[in-house]
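Predicted model only: the values in this text are computed from it and were never measured. Atoms within a ligand are numbered from 1 in the order they appear, just like the ligands themselves. Residues take their numbers from the sequence shown, with the count starting at 1.
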Amino acid sequence: MNYNITVIKGDGIGPEIVTEAMKVLEAVGRKYDHTFNFTECLAGGAAIDATGEPLPAETVAAAKSSDAVLLGAVGGPKWDHLPGEKRPEQGALLGLRKELGLYANLRPAMMFDQLADASPLKQEIIGEGLDILIVRELTGGIYFGEKGYRETVDPDMGETAYDVEQYSVKEIRRIAKVAFDMAMKRNKKVTSVDKANVLQSSKLWRRTVADVAKEYPEVELDNLYVDNAAMQLVRNPRQFDVIVTSNMFGDILSDEASQITGSIGMLPSASLADGNFGMYEPIHGSAPDIAGTGTANPIATILSAAMMLRYTFGLKEEADDIENAVNQFLAAGYRTPDLCGNAPEAKSTVETGDLIASFI
Ligand code: IPM
Ligand code: MG
């Protein structure tokens, strides 16, 4: 089979880590007789430098006409002085999410057995390990609501600015369905996180999620306020299976969840639209401080490619193969510098990609 993938390498370590993920996909292609056609496009800082725009129209068009997008990371200090919508993060990332209709962001926070000591939590809290899936709404809420800034309404108050959190039943239902569908394939538990003791939008969220839950009688639904959820994640993270939440709460809780696994350089993500289209990227950023040193960990991007095979292409065996190859790399005692510093088992970005590709 032929699969068309738009590749956005991005900034900082982006090009290095995406190159390794492509190498692993090529190995999968050889073994299973698939052809992955890669079309490289610009977005983020690299696009600003080349075209003046963080998200050129041709990148959006190429992405829309492909089956999936593989993204490294965008942004860096070079572009930090630009105004909000011209910056790589807002212009390119939020632009791609909105333009491509990527409303469902899946962020697994799982612990790798071999990396159990990397978690900052105590062994008795971690127990047998962690496997949480955060389902974050990605194209609505406060990120995309009305925004405003006024210089002087009342001279006493000075400047005023606001951002509106707004959700419709349609937006809540579709993200809730993704969460329940995922839970059906996992441990059949959904925790919906909101702030329904204060926010109108959260009251509608909670009521709508409860409504969707009726279609999934086998799945247990819990509701938590976001402050409590933040606490429970460090107090007893093993109570969670799938967490579903709004754009901003998901942004915050997914960083917290990734950190408690201790392996932030290892975690992939998928952003899905209706149908099978998706954009796949590591959850970490562009790490400009280590760009070009060959020390970046490509595993999160390699695992993002595995998610692409699983969710967009329906290639379960091939996806399992990549995940097993990563486990073999770790089981053989190899590590990346983010996990072990300069220890002898440390492998460079390219060596890590070569080894994982060799285990396919
Ligand atoms: C993320 C990032 C982005 C977000 C930023 C870079 C705009 O933090 O993907 O979690 O807030 O969504
Ligand atoms: Mg974030």
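Close contacts of ligand 1 with Arg97, meaning ligand atoms under 4.0 Å from a residue heavy atom, involve 1 (C), 4 (C), 9 (O), 12 (O). Short contacts between ligand 1 and Glu89, defined as distances under 4.0 Å to a heavy atom of the residue, involve ligand atoms 6 (C). Every atom of ligand 1 is numbered from 1 in the order shown, and the set under 4.0 Å from a heavy atom of Arg136 is 1 (C), 4 (C), 9 (O), 10 (O), 11 (O), 12 (O).
For Gln90, the closest heavy-atom approach to ligand 1 does not fall below 4.0 Å. Under the 4.0 angstrom criterion for non-hydrogen atoms, His284 is not in contact with ligand 1.
Taking the Mg ion (ligand 2) as reference, Asp251 places its N/O/S atom OD1 nearest.
Residues Thr39 and Asn4 have side chains not in contact (no heavy-atom distance under 4.5 Å, counting atoms from C-beta outward). Gln239 has its side chain out of reach of Thr191: every pair of non-hydrogen atoms, C-beta onward, lies at least 4.5 Å apart. Side-chain contact between Asp211 and Arg173 is present, with heavy atoms from C-beta onward closer than 4.5 Å.
When heavy-atom distances to ligand 1 are checked against a 4.0 Å cut-off, Arg87 has no atom that comes that close, whether in backbone or side chain. Only the side chain of Arg107 comes within contact range of ligand 1, with a heavy atom under 4.0 Å; no backbone atom does.
Side chains of Tyr334 and Glu351: a donor-acceptor N/O pair is absent below 3.5 angstrom, by distance only. A donor and an acceptor atom, one from each side chain of Tyr167 and Thr208, are nowhere located under 3.5 Å apart. Between the side chains of Asn37 and Asn2, at least one donor-acceptor pair of N or O atoms lies under 3.5 Å.
Looking at atom 11 (O) of ligand 1, its nearest protein heavy atom turns out to be Tyr143 OH, 2.5 Å. Closest to atom 8 (O) of ligand 1, if we only count protein heavy atoms, is Asp251 OD1, 3.2 Å.
Between Gln259 atom CD and Ile264 atom CD1 the span is 5.5 Å, to the nearest 0.5 Å.
A salt bridge links Glu99 to Lys64: at least one charged side-chain nitrogen sits closer than 4.0 Å to a carboxylate oxygen.
Distance check for atom 5 (C) of ligand 1: every protein heavy atom is found at 4.0 Å or beyond.
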